[in-house]
Amino acid sequence: MSNKGETQRQKKISSLLQKEIAKLIQNQLRNNGIKNLIISVTKVKVSVDLSIARVYLSIFPSSNSEDQINLIQRGSFKYKQALSKIFKN
């Protein structure tokens, strides 16, 4: 999944995924009443066949970033479901 030679389609999908994942994470934080925490989706890399997306996050403050990443990873299936609904429409 190197950035070199990335196709227009990969770039477009990466950009759309980045926006939608950021929205989903922010909504989750808001719904759980979590304050004083900023999670940004800094980059999304998509494989050539579009079957795999690697998501890069920035978490501030970084003191509890490991816990937040674990929570996001445990909820990855829900994110995949939500993204599937968003992109089907």
Side-chain angles (χ1 to χ4, degrees):
M1 284 193 296
S2 86
N3 219 10
K4 199 174 193 181
E6 196 174 42
T7 66
Q8 281 300 108
R9 188 170 185 188
Q10 282 176 288
K11 290 177 186 176
K12 187 173 182 179
I13 298 290
S14 293
S15 176
L16 288 170
L17 280 172
Q18 186 173 0
K19 288 179 194 175
E20 294 302 328
I21 292 169
K23 285 181 194 176
L24 291 171
I25 290 173
Q26 293 307 319
N27 287 339
Q28 181 188 20
L29 291 175
R30 196 174 309 117
N31 292 341
N32 291 332
I34 298 173
K35 297 182 181 187
N36 300 326
L37 180 68
I38 299 171
I39 299 178
S40 300
V41 180
T42 56
K43 186 191 304 185
V44 176
K45 287 187 178 180
V46 180
S47 63
V48 177
D49 64 358
L50 307 178
S51 65
I52 299 171
R54 183 168 293 224
V55 179
Y56 296 85
L57 302 175
S58 174
I59 300 174
F60 183 82
S62 60
S63 58
N64 62 349
S65 62
E66 204 169 304
D67 294 337
Q68 293 304 319
I69 288 174
N70 288 332
L71 284 172
I72 291 169
Q73 286 176 333
R74 282 198 303 260
S76 66
F77 182 73
K78 289 181 183 179
Y79 290 116
K80 288 177 190 177
Q81 281 183 318
L83 288 168
S84 147
K85 287 179 186 176
I86 291 167
F87 286 113
K88 279 185 181 177
N89 295 329

- Enumerate the residue pairs fulfilling salt bridge (charged side-chain N to carboxylate O under 4.0 Å, His left out) with a member in residues 57-77, sequence neighbours excluded, ordered by first and then second residue. none

- Could you pull out all residues at least two apart from Leu57 that satisfy side-chain contact (heavy atoms from CB on, under 4.5 Å)? Ile25, Ile39, Val41, Val55, Ile72

- Message: Considering only residues two or more places apart or on different chains, which pairs with a residue in residues 17-36 satisfy salt bridge (charged side-chain N to carboxylate O under 4.0 Å, His left out)?
- Response: Glu20-Lys23

- Flag the pair Gln26 / Leu29 as yes when at least one side-chain heavy-atom distance between them is below 4.5 Å, and no otherwise. yes

- Query: Does a donor on one side chain and an acceptor on the other come within less than 3.5 Å for Thr7 and Gln10?
  - Reply: yes

- Message: With heavy-atom distances below 4.5 Å as the criterion, would you say the side chains of Ile69 and Ile59 are in contact?
- Response: yes

- Name all residues meeting the side-chain contact (heavy atoms from CB on, under 4.5 Å) criterion together with Gln8; count only those two or more places apart in sequence or in a different chain, and write none if there are none. Lys11

- side-chain hydrogen bond (donor to acceptor under 3.5 Å, both in side chains) partners of Ser51, counting only residues at least two apart: Asp49

- Task: Could you tell me whether the side chain of Thr42 and the main chain of Tyr56 form a donor-acceptor pair under 3.5 Å?
- Result: yes

- Note on the structure: Here the gap from Ser62 atom OG to Gln68 atom CD, rounded to the nearest 0.5 Å, amounts to 12.0 Å

- Query: What pairs with Ile13 under side-chain contact (heavy atoms from CB on, under 4.5 Å), at least two apart in sequence or on another chain?
  - Reply: Arg9, Leu17, Val46, Leu50

- Query: Sequence neighbours excluded, which residues qualify as side-chain hydrogen bond (donor to acceptor under 3.5 Å, both in side chains) partners of Ser65?
  - Reply: none

- How would you list, by chain and number, every residue that makes a side-chain hydrogen bond (donor to acceptor under 3.5 Å, both in side chains) with Gln28, sequence neighbours excluded? Tyr79

- So, Ser14 side chain and Val44 main chain: donor-acceptor pair closer than 3.5 Å or not? yes

- Message: Using 0.5 Å steps for rounding, measure from the CZ atom of Phe60 to the CD1 atom of Ile38.
- Response: 6.5 Å

- Message: Please say yes or no: joined through hydrophobic side-chain contacts below 4.5 Å, possibly via intermediate residues, are Ile21 and Leu37 part of one cluster?
- Response: yes

